[in-house]
Amino acid sequence: MSNEPIALDKALTSFDALWSPRVVTRVNDYDVRIAKVEGEHIWHVHDETDEFFLVLDGELHVGLREPTGERTVRLPRGAVFTVPRGTEHRPSAPTGAAILMFEPTGTSSVGDHPTEIPAHIDATTGHPLGT
């Protein structure tokens, strides 16, 4: 990790892969990750941790499966949202987005019980910035 400031706009131009988060820094035992996204991710759940999203550019939709039924949260640029632990969710970005996520180091991008993972989604715990 760098001990210098990181410009997120510059960091986002350092890679092209979609749904393939990059770790820009760490805070205690948490990764701060950025990703470019477009289309749909998979439905997944994180049993032991919440998942925080900040939309840097574009609009992110987060589908949620809750005890009361399904709903979709729409997050425009600058909006934040936390998916509570144990909540099945599916991020999507019909027209593309750039996002920042904050989650414990080692958290899988496809949740704790992945099934079939499409080729356009990178199953990772985050790649170092610059790769």
Side-chain angles (χ1 to χ4, degrees):
M1 295 291 104
S2 174
N3 62 354
E4 296 296 324
I6 298 168
L8 293 179
D9 56 344
K10 184 176 178 184
L12 283 162
T13 64
S14 71
F15 65 98
D16 292 322
L18 298 174
W19 299 111
S20 184
R22 301 304 194 264
V23 177
V24 293
T25 193
R26 288 197 171 90
V27 178
N28 298 317
D29 297 332
Y30 282 76
D31 288 343
V32 178
R33 303 175 187 176
I34 57 172
K36 295 177 181 179
V37 299
E38 188 171 353
E40 292 185 341
H41 200 275
I42 59 170
W43 284 101
H44 65 285
V45 65
H46 302 284
D47 293 330
E48 302 298 324
T49 186
D50 301 334
E51 188 169 16
F52 171 88
F53 294 97
L54 163 64
V55 180
L56 301 171
D57 193 32
E59 181 175 87
L60 183 71
H61 300 178
V62 181
L64 301 167
R65 289 182 174 157
E66 299 171 310
T68 57
E70 283 190 23
R71 70 180 174 117
T72 300
V73 175
R74 287 177 172 75
L75 304 170
R77 182 177 183 262
V80 300
F81 183 73
T82 301
V83 175
R85 72 187 70 203
T87 301
E88 193 173 10
H89 60 286
R90 178 180 65 190
S92 64
T95 59
I99 60 175
L100 180 142
M101 296 160 289
F102 188 73
E103 51 200 350
T105 299
T107 300
S108 171
S109 62
V110 294
D112 296 336
H113 314 283
T115 55
E116 186 176 333
I117 302 168
H120 74 280
I121 295 173
D122 184 9
T124 182
T125 57
H127 298 287
L129 192 59
T131 62

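- Of the possible polar contacts, one joining the Arg77 side chain to the Leu56 backbone as a donor-acceptor pair under 3.5 Å is found.
- When all heavy atoms of Glu70 and Trp43 are compared, the closest pair comes out as OE1-CZ2, 4.0 Å.
- Counting non-hydrogen atoms of neighbouring residues, nucleotides and ligands closer than 6.0 angstrom, the CD atom of Glu48 reaches no more than 12 such neighbours.
- Nearest heavy atoms, Gly106 versus Thr125: O-CG2, 3.3 Å.
- Judged as a salt bridge (Lys or Arg N to Asp or Glu O under 4.0 Å), and not counting sequence neighbours, Glu4 has no contacts.
- Surrounding CZ of Phe15 are more than 12 heavy atoms belonging to other residues, nucleotides or ligands, all under 6.0 Å away.
- The minimum heavy-atom distance linking Ala35 with Pro21 is given by the pair CB-CA, 4.0 Å.
- The aromatic ring centres of His89 and His41 sit 6.0 Å or more apart.
- For His127 against Ser20, the heavy-atom pair with the smallest separation is CD2-OG, 3.3 Å.
- Annotation for Leu18: hydrophobic cluster partners, listed by chain and number, are Trp19, Val37, Ile42, Phe53, Val55, Leu60, Val62, Leu64, Val73, Leu75, Phe81, Val83, Ile99, Met101, Val110, Ile117, Ile121 (ILVMFWY side-chain heavy atoms under 4.5 Å, direct or chained).
- The distance from the CG atom of Asp47 to the CZ atom of Arg85 is 10.5 Å, given to the nearest 0.5 Å.
- A salt bridge links Asp16 to Lys36: one of the charged nitrogens lies within less than 4.0 Å of a carboxylate oxygen.
- Atom CG of residue Asp57 and atom CG of residue Leu8 lie 12.0 Å apart, to the nearest 0.5 angstrom.
- Ala17 approaches Arg22 most closely through the heavy-atom pair CB-NH2, 4.4 Å.
- Within the 4.5 Å cutoff, no side-chain heavy atoms of Pro128 are placed close to those of Val23.
- Side chains of Thr105 and Asp31: a donor on one and an acceptor on the other come within 3.5 Å.
- Below 30°, between 30° and 60°, or above 60°: for Phe102 and Phe52 the angle between ring planes is above 60°, a perpendicular geometry.
- The shortest side-chain heavy-atom distance between His44 and His113 does not fall under the 4.5 Å cut-off.
- Side-chain atoms of His61 never come within 3.5 Å of backbone atoms of Pro91 as a donor-acceptor pair (strictly under, hydrogens ignored).
- No donor-acceptor distance shorter than 3.5 angstrom exists from the side chain of His46 to the backbone of Glu88, with no hydrogens or angles considered.
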With side-chain contact (heavy atoms from CB on, under 4.5 Å) as the test, would you mind laying out the steps for Ile34 and Leu12 before giving the verdict? CA-CA 7 Å; Ile34 57 172; Leu12 283 162; 3.9 Å; yes
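- In terms of modelled atom types and a separation under 3.5 Å, the side chain of Ser109 and the main chain of Thr124 share a donor-acceptor contact.
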